[in-house]
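By convention here, the first residue in the shown sequence is residue 1.
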Amino acid sequence: MSSGEYLRYVALGDSHTEGLGDGDDSVGLRGWADRLAEHLAAGNPGLQYANLAVRGRLAGQVRAEQLGPALALRPDLATVVAGVNDLLRPRFDAARVVGHLEEMFAALTAAGAHVVTLTVPDLGKIAPLARPISARVFDLNTRIRAAADRHNVTVAETGRHAVATDARMWSADRLHASPLGHERIAAAVAQALRLPGSDDAWTLPLPPQAAPARWQAVATELRWAGTFLGPWLGRRLRGQSSGDGRTAKLPQLLPLSATPGSPAGTGQQESS
């Protein structure tokens, strides 16, 4: 199917699909799913887009809260990306997480949607303190690929390329992609879908940069732990989520030009 044949694109997921790291709550979030919708709309101005993603959601919550509304929108293209929040939980169960993903794959493909998902980069190469969960990432990705294969789901292999763990691809919290990271994820999905104008340029490494001195690296780790890791652990201990009280930013299908904060509506252009 070409981009001109997609009429209804629905995105399901957590904060990554919502767009955290690419804009903010005051000016609006863009994110890779919005960027992908822009690419699709360039070939089909009649495209309608909905984004049901909500930050902080576990894979089971994405399935329970977003699958039904997504099916009701009758998408012909859907992206399903979840599981990173589960990876960070002490009692992570890869089989259970992918079971939720597979249920969404099955339901959406049975309803006639072309479904796309992503693999996860090695979080241990992004945040050294996350190295103990690298094995979880590899297990999750293996299971995602197998589930996708069973349901003819397209996989954008964002987890297999070294550039995905470059610090410049990530925001200061190291949990969400930077604008450049979101741009490259969108390009990865566009290539996986074989959209016109897409290629593998998103896999190319970024220009080299000087490595920080050891004291700078240690200071950066301490600052990250105090600014982001500490508050995150605090929320976990209190049973709170960054998504408490939040709902989807685009719960209904709309033409891209009508979505709040969209480049088509504001004149904002994609960064290079």
Side-chain angles (χ1 to χ4, degrees), residues 1-13 16-23 29-49 51 53 75-81 84 105 109 113-122 125-126 137 141-142 144-145 148-149 151-171 176-209 256-257 259 262-264 267-272:
M1 181 178 283
S2 70
S3 62
E5 295 173 303
Y6 293 122
L7 299 176
R8 297 179 302 279
Y9 166 36
V10 177
L12 299 80
H16 299 277
T17 301
E18 186 184 351
L20 264 67
D22 192 6
L29 297 171
R30 192 176 181 190
W32 68 265
D34 288 25
R35 291 172 179 270
L36 176 64
E38 293 158 23
H39 192 142
L40 291 161
N44 176 17
L47 176 84
Q48 293 189 311
Y49 167 54
N51 189 321
D76 46 29
L77 175 66
T79 52
V80 177
V81 181
V84 172
F105 295 167
T109 55
H114 184 167
V115 178
V116 186
T117 193
L118 308 176
T119 51
V120 181
D122 182 0
K125 292 182 178 179
I126 300 165
V137 174
N141 284 341
T142 297
I144 286 173
R145 294 182 188 108
D149 186 63
H151 299 281
N152 199 29
V153 167
T154 297
V155 180
E157 288 283 3
T158 48
R160 276 187 166 158
H161 296 276
V163 71
T165 57
D166 188 303
R168 290 166 286 183
M169 295 278 283
W170 295 85
S171 62
H176 303 101
S178 65
L180 176 60
H182 280 285
E183 180 181 311
R184 291 225 178 178
I185 295 169
V189 178
Q191 186 200 14
L193 286 168
R194 301 180 181 178
L195 299 183
S198 64
D199 56 32
D200 65 354
W202 68 271
T203 67
L204 298 177
L206 300 178
Q209 62 179 357
L256 196 64
S257 60
T259 60
S262 71
Q268 180 182 359
Q269 298 298 313
E270 183 168 343
S271 61
S272 60

From CA spacing to verdict: side chain to side chain contact (heavy atoms under 4.5 Å, CB included), D22, L29: CA-CA 6 Å; D22 192 6; L29 297 171; over 6 Å; no
Pair Y9, D76: side-chain N/O donor-acceptor within cut-off below 3.5 Å: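 Their side chains do not contain a donor-acceptor pair, so the 3.5 Å distance test is not met.
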Pair E183-W32, side-chain donor/acceptor within less than 3.5 Å: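 Distance-only check fails for E183 and W32.
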Greater than 12 external heavy atoms within 6.0 Å of N152's CG: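 Not buried by this count: 12 neighbours or fewer within 6.0 Å.
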With side chains defined as the heavy atoms from C-beta onward, is the minimum distance between [X] and [Y] less than 4.5 Å?
| X | Y | value |
| --- | --- | --- |
| L77 | L193 | yes |
| Q48 | P75 | no |
| R184 | T203 | no |
| Q191 | D199 | no |
| D34 | Y49 | yes |
| V155 | L118 | no |

Hey, does the side chain of [X] reach the backbone of [Y] with a donor-acceptor pair shorter than 3.5 angstrom?
| X | Y | result |
| --- | --- | --- |
| T109 | F105 | yes |
| T119 | G159 | yes |
| H39 | P196 | yes |
| T117 | V80 | yes |
| H182 | L20 | yes |
| T17 | A11 | no |
| R160 | P121 | no |
| S178 | R168 | yes |

Partner set under side-chain hydrogen bond (donor to acceptor under 3.5 Å, both in side chains) for H151, not counting sequence neighbours: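 For H151 the side-chain hydrogen bond (donor to acceptor under 3.5 Å, both in side chains) partners, ignoring immediate neighbours, are E102.
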With T158 via side-chain hydrogen bond (donor to acceptor under 3.5 Å, both in side chains) - residues at least two apart: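 T158: no side-chain hydrogen bond (donor to acceptor under 3.5 Å, both in side chains) contacts found.
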Distance-minimising heavy-atom pair for [X] and [Y]:
| X | Y | result |
| --- | --- | --- |
| A164 | I126 | O-CD1, 4.3 Å |
| A190 | S198 | O-OG, 3.4 Å |
| V120 | V137 | O-CG1, 3.4 Å |

Step-by-step side chain to side chain contact (heavy atoms under 4.5 Å, CB included) determination, T79 to L12: CA-CA 6 Å; T79 52; L12 299 80; over 6 Å; no
Mutual orientation of the aromatic rings belonging to H114 and Y6 [parallel < 30°, tilted 30-60°, perpendicular > 60°]: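 Judged by the thresholds at 30° and 60°, the geometry between H114 and Y6 is tilted.
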Nearest-0.5 Å distance, CH2 of residue W202 to CE of residue M169: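 The distance works out to 8.0 Å.
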